Amino acid sequence: MTQSRLDLFVDRMVSQRACLDHAARAIADLPGPVFELGLGNGRTYHHMRHIMPARDIFVFERAVASHPDSTPPVDMVLLGDVFDTLPAALKRFGATATLIHADLGGHDRVKNDIFARNVSPLVEPLLAVGGLMVSSDRMYFERLVEQPLPDGAVPGRCFIYRREA
Ligand SMILES: C[S@@+](CC[C@H](N)C(=O)[O-])C[C@H]1O[C@@H](n2cnc3c(N)ncnc32)[C@H](O)[C@@H]1O
């Protein structure tokens with residue numbers, strides 16, 4: 001039987017939490033900022049704040065419309081289209097991000113895949129050696145290595161990549 005939209009949504013949510021919890025533990029000893037690509041309602045941002053309270057978490061979003069409890073300080077928001085703000089972030093931060101989480105997609109899987117192909121080259125150079133990238137969509141990196149998913153994550157609903165060198 002095919003999955004309902006509710007099934008898919010639940011799988012995405014539990015996978016995001018499992019992957020973010022796993023990634024936060026894995027990068028705990030690596031210094032550097034964390035990037036959240038796509039604030040939306042702010043649920044994953046709120047969770048990231050919760051599990052990484054000491055980290056600088058910079059948020060990339062074209063229009064902030066999050067829950068008040070999940071709205072980042074204005075100086076931690078890189079406002080605009082990621083196709084503009086990611087290249088600007090590379091000039092500002094270099095390859096220093098320890099964790100990049102991306103949840104930029106909408107409901108159209110084909111469009112999400114095209115978007116992921118286009119945005120991948122802008123994400124890849126921002127990650128520090130040893131850093132992790134967690135995404136709700138498959139990404140298309142040249143050098144980042146896809147990682148096994150932690151317990152609780154549903155294959156195909158979340159992806160983890162690591163910069164090895
Ligand atoms: C699915 S929502 C993120 C949900 C979020 N993870 C949460 O837990 O609430 C996707 C967000 O990405 C943002 N977004 C999509 N494409 C973007 C782009 N090209 N540049 C900047 N933000 C973008 C949208 O405005 C939207 O707020």
Side-chain angles (χ1 to χ4, degrees), residues 3-27 33-53 55-93 97-127 131-141 147 149-150 152-161:
Q3 286 188 294
S4 69
R5 285 184 53 216
L6 181 61
D7 292 331
L8 292 168
F9 180 76
V10 170
D11 282 355
R12 188 167 126 245
M13 295 299 105
V14 297
S15 299
Q16 282 179 340
R17 184 177 57 191
C19 290
L20 286 171
D21 288 350
H22 166 78
R25 283 193 296 272
I27 57 105
V34 168
F35 295 163
E36 166 77 322
L37 311 185
L39 178 64
N41 183 282
R43 289 189 191 94
T44 48
Y45 170 73
H46 191 269
H47 190 68
M48 289 161 76
R49 283 252 55 93
H50 193 65
I51 61 175
M52 297 178 283
R55 288 276 176 185
D56 283 338
I57 303 180
F58 292 90
V59 175
F60 295 67
E61 173 58 59
R62 62 181 161 206
V64 173
S66 48
H67 186 281
D69 283 353
S70 311
T71 300
V74 71
D75 61 333
M76 300 304 280
V77 178
L78 287 90
L79 192 64
D81 193 294
V82 291
F83 288 96
D84 299 321
T85 54
L86 288 170
L90 183 60
K91 287 189 189 143
R92 177 174 168 189
F93 297 101
T98 50
L99 170 59
I100 302 175
H101 173 240
D103 183 19
L104 290 159
H107 298 299
D108 185 325
R109 282 194 184 194
V110 175
K111 279 189 187 166
N112 289 349
D113 188 58
I114 293 168
F115 186 92
R117 285 178 191 273
N118 289 332
V119 84
S120 290
L122 303 182
V123 172
E124 183 161 357
L126 286 162
L127 207 59
L132 293 175
M133 201 269 156
V134 172
S135 175
S136 297
D137 294 299
R138 175 174 295 287
M139 302 295 279
Y140 296 89
F141 297 124
Q147 303 293 301
L149 294 179
V154 180
R157 300 276 74 82
C158 206
F159 301 85
I160 304 179
Y161 303 89

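Atoms within a ligand are numbered from 1 in the order they appear, just like the ligands themselves. Note that the structure is a prediction, hence the values are computed from the model and not measured.
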inquiry  = Tell me the nearest of Glu61, His67, Glu36 to atom 25 (O) of ligand 1, using heavy-atom distances.
reply    = Glu61
query = Taking N or O atoms only and a 3.5 Å limit, does Gly42 qualify as a polar contact for ligand 1?
reply = yes
ask   = Is Ser136 in contact with ligand 1, taking contact as a heavy-atom separation below 4.0 Å?
value = no
Identity and separation of the nearest protein heavy atom to atom 4 (C) of ligand 1 = Asp103 OD2, 3.4 Å
message = For ligand 1 and Asn41, I'd like to know whether there is a polar contact (N/O to N/O, distance under 3.5 Å).
response = yes
query = Which heavy atom of the protein is the closest neighbour of atom 12 (O) of ligand 1, given with residue, atom name and distance?
reply = Gly38 CA, 3.4 Å
ask   = Counting both backbone and side chain atoms, is some N or O of Thr44 under 3.5 Å from an N or O of ligand 1?
value = yes
ask   = Do Phe115 and Phe83 make the cut of ring centroids closer than 6.0 angstrom?
value = yes
query = Can you find a non-hydrogen atom of Ala63 under 4.0 Å from ligand 1?
reply = no
task = For Gly80, counting its heavy atoms only, list the atoms of ligand 1 lying under 4.0 Å from any of them.
result = 20 (N), 21 (C)
query = Only one of Asp103, Thr44, Asp21, Asp11 clears side chain to side chain donor-acceptor pair (under 3.5 Å) with Gln16; which?
reply = Asp103
inquiry  = How about CZ on Arg17, more than 12 heavy atoms from neighbouring residues, nucleotides or ligands closer than 6.0 Å, or not?
reply    = no
remark   = Heavy atoms of Thr85 and Leu78 approach each other most closely as CG2-O, 3.9 Å
note = Check: of Asn112, Asn118, Asp81, min heavy-atom distance to atom 19 (N) of ligand 1 comes from Asp81
ask   = Starting from atom 22 (N) of ligand 1, which protein heavy atom do you reach first, and at what distance in Å?
value = Arg62 N, 3.3 Å
request  = Select one of side chain, backbone, both or neither to describe which atoms of Leu39 lie under 4.0 Å from any atom of ligand 1, heavy atoms only.
outcome  = backbone
Arg43, CZ: over 12 other non-hydrogen atoms inside 6.0 angstrom = no
key: Check: Arg157 main-chain N/O paired with Ser15 side-chain donor or acceptor under 3.5 Å   = no
request  = Report yes or no: does Ser70 have a heavy atom closer than 4.0 Å to ligand 1?
outcome  = no
query = Do the side chain of Arg55 and the main chain of Met48 share a donor and acceptor less than 3.5 angstrom apart?
reply = no
query = Should Phe115 be listed as contacting ligand 1, given a heavy-atom distance under 4.0 Å as the test?
reply = yes
inquiry  = Give me the nearest non-hydrogen protein atom to atom 15 (C) of ligand 1 as residue plus atom name, then the distance to 0.1 Å.
reply    = Leu104 O, 3.4 Å
key: Rounded distance (nearest 0.5 Å) linking atom CG of Asp81 with atom CD of Glu61   = 10.0 Å
task = Rounded to the nearest 0.5 Å, what's the gap from CD1 on Ile27 to OG1 on Thr98? Could you check?
result = 4.0 Å
query = Which of these, Val59, Leu99, Leu20, sits in a side-chain contact (heavy atoms from CB on, under 4.5 Å) with Glu36?
reply = Val59
query = Which of the atoms in ligand 1, numbered in the order shown and given with their element, are less than 4.0 Å from a heavy-atom of Gly105?
reply = 1 (C)
note = The closest protein heavy-atom partner of atom 20 (N) of ligand 1 is Val82 N, 3.0 Å
ask   = Looking only at heavy atoms, which two atoms of Cys19 and Ile160 are closest? And how far apart?
value = SG-CD1, 3.8 Å
